[in-house]
A.B. asks: 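Submitted below is the structure of interest, expressed as structure tokens.
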Amino acid sequence: MAYLLFKKTGLKTGDVGVQSQCTSAIFNYQVIGAGAEVEFSGSNVPLDLLDPNNEDHWIPIVTITAGMVDSEPFRQHCWNSVRYKVTAGNDVAVYVTSGVSG
């Protein structure tokens, strides 16, 4: 079974979003929008200490550019939290699906 972890539209450069409690799953990342680029990263910092803007709390997963297919069709990782960070573009859409591994 899969569900949308992120379904965000109308984002712009500098926007950041975090979703927590998503460990041990299979993820697929998609970015839509002219000139859009989005960095995705993961963290296992405890939720009460987690800071979306503290780069020391985040480990890069992948950077996706609109119009480019993710280099891995399904990424399996064990992060408690996943973050997107829009690094380029306006009217950017971010879609991340997640499914249970195993």
A.B. asks: Per the salt bridge (charged side-chain N to carboxylate O under 4.0 Å, His left out) rule, what does the pair list look like for residues 53-63, sequence neighbours excluded?
C.D. replies: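 Those involving residues 53-63 are E55-R83, E55-K85.
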A.B. asks: Applying salt bridge (charged side-chain N to carboxylate O under 4.0 Å, His left out), name anything that partners K7, two or more places apart in sequence or on another chain.
C.D. replies: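 Once residues adjacent in sequence are excluded, K7 has no partner under the salt bridge (charged side-chain N to carboxylate O under 4.0 Å, His left out) criterion.
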A.B. asks: Once side-chain contact (heavy atoms from CB on, under 4.5 Å) is applied, do any residues pair with T63, and if so which ones, sequence neighbours excluded?
C.D. replies: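 Applying side-chain contact (heavy atoms from CB on, under 4.5 Å) to T63 gives E37, E39.
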A.B. asks: Can you give me the closest heavy-atom contact between S20 and S81, atom names plus distance?
C.D. replies: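 Residues S20 and S81, closest heavy atoms: OG-OG, 2.8 Å.
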A.B. asks: Tell me, please, which residues at least two apart from D51 pass side-chain contact (heavy atoms from CB on, under 4.5 Å).
C.D. replies: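 For D51, the residues satisfying side-chain contact (heavy atoms from CB on, under 4.5 Å) (neighbours in sequence not counted) are N53, N54, H57.
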A.B. asks: Can you pull the ring pair (Phe, Tyr, Trp, His ring centres under 6.0 Å) pairs that have at least one residue in residues 29-50, sequence neighbours excluded?
C.D. replies: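 Of all non-adjacent pairs touching residues 29-50, those that pass ring pair (Phe, Tyr, Trp, His ring centres under 6.0 Å) are Y29-F40.
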A.B. asks: State, with a plain yes or no, whether a side-chain heavy atom of I32 is found less than 4.5 Å away from one of V92.
C.D. replies: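 I32 does not reach V92 side chain to side chain.
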A.B. asks: Could you list the residues that satisfy side-chain contact (heavy atoms from CB on, under 4.5 Å) with D15, not counting sequence neighbours?
C.D. replies: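 Testing D15 for side-chain contact (heavy atoms from CB on, under 4.5 Å), a comparison that skips the adjacent residues, returns L11, K12, V86.
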A.B. asks: Quick one: hydrophobic cluster around V45, which other residues, with the 4.5 Å side-chain cut-off, linked directly or via members?
C.D. replies: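 Direct or chained contacts put V45 with V18, L47, L49, L50, W58.
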A.B. asks: Is there a path from F27 to V62 through hydrophobic residues (I, L, V, M, F, W, Y) whose side chains come within less than 4.5 Å of each other?
C.D. replies: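 In one cluster: yes.
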A.B. asks: Could you pull out all residues at least two apart from I59 that satisfy side-chain contact (heavy atoms from CB on, under 4.5 Å)?
C.D. replies: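 Result, side-chain contact (heavy atoms from CB on, under 4.5 Å) vs I59: W79.
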A.B. asks: Tell me the closest heavy-atom pair linking L4 and T97, and the distance in Å.
C.D. replies: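 Looks like CD2-CG2, 3.6 Å.
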A.B. asks: For F6 together with Y84, are the ring centres under 6.0 Å from each other?
C.D. replies: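 Yes - the distance between ring centres of Y84 and F6 falls below the 6.0 Å cut-off.
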A.B. asks: Of all heavy-atom pairs between A36 and V31, which one has the smallest distance, and what is that distance?
C.D. replies: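 Residues A36 and V31, closest heavy atoms: CB-CG1, 3.7 Å.
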A.B. asks: Ignoring hydrogens, what is the shortest heavy-atom contact between A66 and G33? Give both atom names and the distance.
C.D. replies: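 The pair with the smallest heavy-atom distance is CB-O, 3.0 Å.
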A.B. asks: To the nearest 0.5 Å, what is the distance between CG on N28 and CG on L5?
C.D. replies: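 Here the rounded value is 11.5 Å.
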